[in-house]
Q: 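My questions will all concern the structure given below.
Start at 1 and go down the list; that is how both ligands and their atoms are numbered.
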Amino acid sequence: MAKPQPNIIAIDGPAASGKSTLGRRLADSLGYLFFDTGVMYRAVTLLALQRGIDIRDEAAVTALAEVTTIDVLPASKFDGRAYDVIVEGKDVTWEIRSHEVDANVSIVSAYRNVRRAMSEQQRRIGQRGRVVMVGRDIGTVVLPEADLKIYLDASAEERAHRRHDEIEARGEAANYDDVLTKVIERDRIDSTRDVAPLKVAPDAVIIDSDRMDADEVFERARKLCE
Ligand code: DC
């Protein structure tokens with residue numbers, strides 16, 4: 001008998017490695033829910049900034065994370081979004097991608113109890129199955145029971161190129177060296193934090209996408225599902 005398709009798929013990896021692009025395509029092709037967990041940390045960061053909360057004030061940011069309702073819903077608009085991100089009833093899908101959020105989200109996502117609050121919600125959604133969940137700690141902490149774990153990697157330079165092109169495609173100005181510095185800094189924070197640092201799960205399949213385009217990465221991942 002053929003092996004069934006994996007029910008829970010975890011994709012982890014560093015910033016701008018192409019996890020979201022892969023996760024979205026894989027979920028579409030399988031008819032699964034695509035859940036990009038980074039949006040939850042971004043939403044808390046955005047709300048803290050909007051409310052004038054000091055991002056370094058762990059207690060204040062944690063208190064906010066614990067009472068904030070974050071919803072990820074099917075896309076309501078055809079403006080390139082994969083889903084709607086709703087925080088306290090407001091659509092913040094694009095606002096959570098701002099430079100200011102980018103610059104502060106690694107600090108927020110390193111807070112122990114912010115992670116606990118977010119991970120609990122992620123776990124509840126993931127355990128329903130038929131899901132492709134994308135993040136940094138999905139295969140290691142949030143859903144260690146995932147049926148397929150992919151660690152999507154690429155060099156910092158390659159990821160900075162991709163992020164740089166993405167920013168320019170949105171019509172914004174970007175400097176490659178600045179983008180590279182930020183990518184390296186986020187890697188450092190994400191992989192050296194005490195709680196749930198970015199690392200490869202022992203049973204993960206590593207895909208190094210440096211010399212692969214998005215289609216090749218997708219084909220490789222699709223084969224792993226068969
Ligand atoms: O994938 P992203 O760039 O949207 O993630 C935003 C931030 O959230 C990034 O600093 C890493 C963090 N993150 C995390 O710590 N754990 C996750 N499961 C997802 C994201």
Q: Taking all heavy atoms of E216 and all of R211, pick out the closest pair and write down the distance.
A: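 Of all heavy-atom pairs spanning E216 and R211, the closest is OE1-O, 3.9 Å.
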
Q: Can you tell me which residue pairs pass the side chain to side chain donor-acceptor pair (under 3.5 Å) test with a partner in residues 25-36, sequence neighbours excluded?
A: S20-D36, R25-D215, S29-R222, D36-Y83

Q: Running the 4.5 Å side-chain criterion over Ile, Leu, Val, Met, Phe, Trp and Tyr, what cluster does V200 land in, apart from itself?
A: Y151, L198, I206

Q: Between R42 and D102 (salt bridge meaning N to carboxylate O under 4.0 Å), is one present in this structure?
A: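 Result for this pair is yes, salt bridge flagged.
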
Q: Which pair of heavy atoms, one from I207 and one from L224, lies closest together, and at what distance?
A: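 Looking at all heavy atoms of both residues, the closest pair is CD1-CD1, 4.3 Å.
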
Q: Strictly under 4.0 angstrom, heavy-atom based: which residues surround ligand 1?
A: T37, G38, Y41, R42, R97, V105, S106, S109, R115, G135, R136, D137, I138, R186, D190, R193

Q: Tabulate below the donor-acceptor pairs under 3.5 Å that side-chain atoms of residues 67-77 make, not counting sequence neighbours, or state none.
A:
from, atom 1, to, atom 2, distance (Å)
T68, OG1, L64, O, 2.5
S76, OG, D84, OD1, 3.4
S76, OG, D84, OD2, 2.7

